[in-house]
Amino acid sequence: MRIRIVDAFTDRPFAGNPAGVLLLDAFPGDDRLQNIALEVNHAETAFAHPLPAGGEADWALRWFTPAAEVDLCGHATLATAHVLHSTGTHEGPVRFATRSGVLVATPAEDGSITLDFPTAPLTPVTLPDGVTEALGAEPLSAHDTGPHVGDLLLELPDEKSVHALRPDHRALGAHSRRGVIATARAENPALGYDFVSRCFFPNIGIDEDPVTGSAHTALAPFWAERLGRTTLTGLQASPRAGRVRTELRGERTLLGGRAVTVIEGELLA
């Protein structure tokens with residue numbers, strides 16, 4: 001069983017968000033999938049197997065953190081599409097059957113890949129008691145991001161506030177199903193990005209996720225409304241950092257980026 005580690009939403013190794021990718025003939029039991037994800041110990045490990053021709057999807061795809069299976073993951077989907085295309089296993093757009101419906105990944109001639117994901121529904125909510133103290137900053141607004149993303153989206157006053165965050169991860173976990181997205185408008189759009197974010201997911205075993213595609217299905221509509229444009233670029237300002245191109249298309253959001261395979265080996269257990 002081949003296993004690959006792929007850095008997603010980056011064009012260079014040791015940046016972006018690493019994901020494990022395993023292409024299988026069929027899914028083994030859930031306990032085995034979870035144990036492999038725990039052993040890989042990255043934010044997500046993706047497991048995929050081919051589906052019969054003629055259906056609505058080409059591959060079945062599941063994602064596991066070291067602690068749990070998740071409904072939606074952008075960077076591990078990008079990583080899986082990269083492996084399929086770079087190894088010649090699949091050519092052209094690939095359709096994945098997932099917990100969040102059929103997701104399409106389309107490669108471009110320049111090596112980038114565009115993901116077609118459902119747009120997260122945003123609902124304004126009252127700022128929960130204790131979240132300011134847990135985050136270590138005073139948000140301007142708070143939004144629920146719906147069932148598939150499952151985060152609390154918090155807008156901060158400026159980019160510097162996002163970079164400076166040193167949250168209490170355990171305390172943050174009480175305020176959403178998955179975690180918290182902190183975001184602000186870019187201080188200098190001439191640097192090539194329109195907004196900045198950081199993502200903290202203590203409830204699924206990830207204190208800070210390096211680059212989160214699924215979070216950008218909520219960030220895209222949030223910032224499109226405020227900036228008056230449907231095509232934007234987000235910088236996720238984790239220590240590894242990465243950029244995600246977003247294009248809001250109503251109920252769908254396109255997420256664009258690159259990926260790099262950094263490790264390839266064999267799973268022996």
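Counting begins at 1 with the first residue of the sequence. Owing to the predicted nature of the structure, the values given are computational and were not obtained by experimental measurement.
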Checking [X] side chain against [Y] main chain: does a donor-acceptor pair fall under 3.5 Å?
X    : Y    : value
D168 : A134 : no
R99  : H148 : no
R240 : A15  : yes
H49  : L23  : no
R226 : F222 : yes
S238 : P210 : yes
D151 : L153 : no

Report yes if some heavy atom in the side chain of [X] is under 4.5 Å from a heavy atom in the side chain of [Y]; otherwise report no.
X    : Y    : answer
H42  : I5   : yes
S176 : L172 : no
I204 : V70  : yes
V104 : F96  : no

Mark yes when over 12 heavy atoms from residues, nucleotides or ligands other than [X] sit less than 6.0 Å from its [atom1]; otherwise mark no.
X    : atom1 : answer
E264 : CD    : yes
E251 : CD    : no
N188 : CG    : yes

Can [Y] be reached from [X] by stepping across I, L, V, M, F, W or Y side chains whose heavy atoms are under 4.5 Å apart?
X    : Y    : answer
M1   : F27  : yes
I206 : V211 : yes
L165 : L235 : yes
V244 : V180 : no
F14  : V260 : no

Answer with yes or no whether the side chains of [Y] and [X] bring together a donor and an acceptor at under 3.5 Å.
X    : Y    : value
R249 : T119 : no
H216 : T253 : no
T10  : D7   : no
E247 : T230 : no
T87  : T89  : yes
Y193 : E159 : yes

From [X] atom [atom1] to [Y] atom [atom2], the distance as rounded to the nearest 0.5 Å:
X    : Y    : atom1 : atom2 : result
L115 : L103 : CG    : CG    : 8.0 Å
T183 : I181 : OG1   : CD1   : 8.5 Å
F9   : S112 : CZ    : OG    : 11.0 Å
T65  : R178 : OG1   : CZ    : 10.5 Å
R4   : L22  : CZ    : CG    : 9.0 Å
T217 : L72  : OG1   : CG    : 6.0 Å

Assign the ring pair F200 / H169 to parallel, tilted or perpendicular, where the plane angle (0 to 90°) is split at 30° and 60°.
tilted

Which of T98, D30, T45 passes side-chain hydrogen bond (donor to acceptor under 3.5 Å, both in side chains) with R62? Answer is D30

Can you list the steps and then say if L219 with F195 is a side chain to side chain contact (heavy atoms under 4.5 Å, CB included)?
CA-CA 9 Å; L219 290 163; F195 59 88; 3.8 Å; yes

Determine whether T106 and D116 satisfy the following criterion, side chain to side chain contact (heavy atoms under 4.5 Å, CB included), listing intermediate values before the conclusion.
CA-CA 8 Å; T106 303; D116 183 340; over 6 Å; no

Stepwise side chain to side chain contact (heavy atoms under 4.5 Å, CB included) check, T231 with T246:
CA-CA 6 Å; T231 301; T246 68; over 6 Å; no

Taking only Lys NZ, Arg NE, NH1 and NH2, and the carboxylate oxygens of Asp or Glu, determine whether [X] and [Y] approach each other closer than 4.0 Å.
X    : Y    : answer
R95  : E56  : no
R198 : E208 : yes
R185 : E155 : no

Pick from Q34, R32, E39: which one makes a side chain to side chain contact (heavy atoms under 4.5 Å, CB included) with I36?
R32

As a test of understanding, state which of V125, L135, D144 forms a side chain to side chain contact (heavy atoms under 4.5 Å, CB included) with L152.
V125

Search all heavy atoms of [X] against all heavy atoms of [Y] and return the closest pair with its distance.
X    : Y    : value
L127 : A142 : CD1-CB, 4.0 Å
P139 : T132 : CD-OG1, 3.6 Å
L78  : A8   : CD2-CB, 3.9 Å
V149 : R177 : C-NH2, 4.2 Å
L140 : P157 : CD1-CA, 3.7 Å
V6   : A259 : CG1-CB, 3.8 Å

Derivation of the side-chain hydrogen bond (donor to acceptor under 3.5 Å, both in side chains) call for T261 and H82
CA-CA 8 Å; T261 301; H82 167 77; 3.0 Å; yes

Show your working on side chain to side chain contact (heavy atoms under 4.5 Å, CB included) between E266 and I3 and close with a plain yes or no.
CA-CA 6 Å; E266 186 175 356; I3 182 168; over 6 Å; no

Centroid-centroid under 6.0 Å between F47 and F64 rings:
yes

Steps toward side-chain hydrogen bond (donor to acceptor under 3.5 Å, both in side chains) verdict (W59, T80)
CA-CA 10 Å; W59 288 73; T80 304; over 6 Å; no

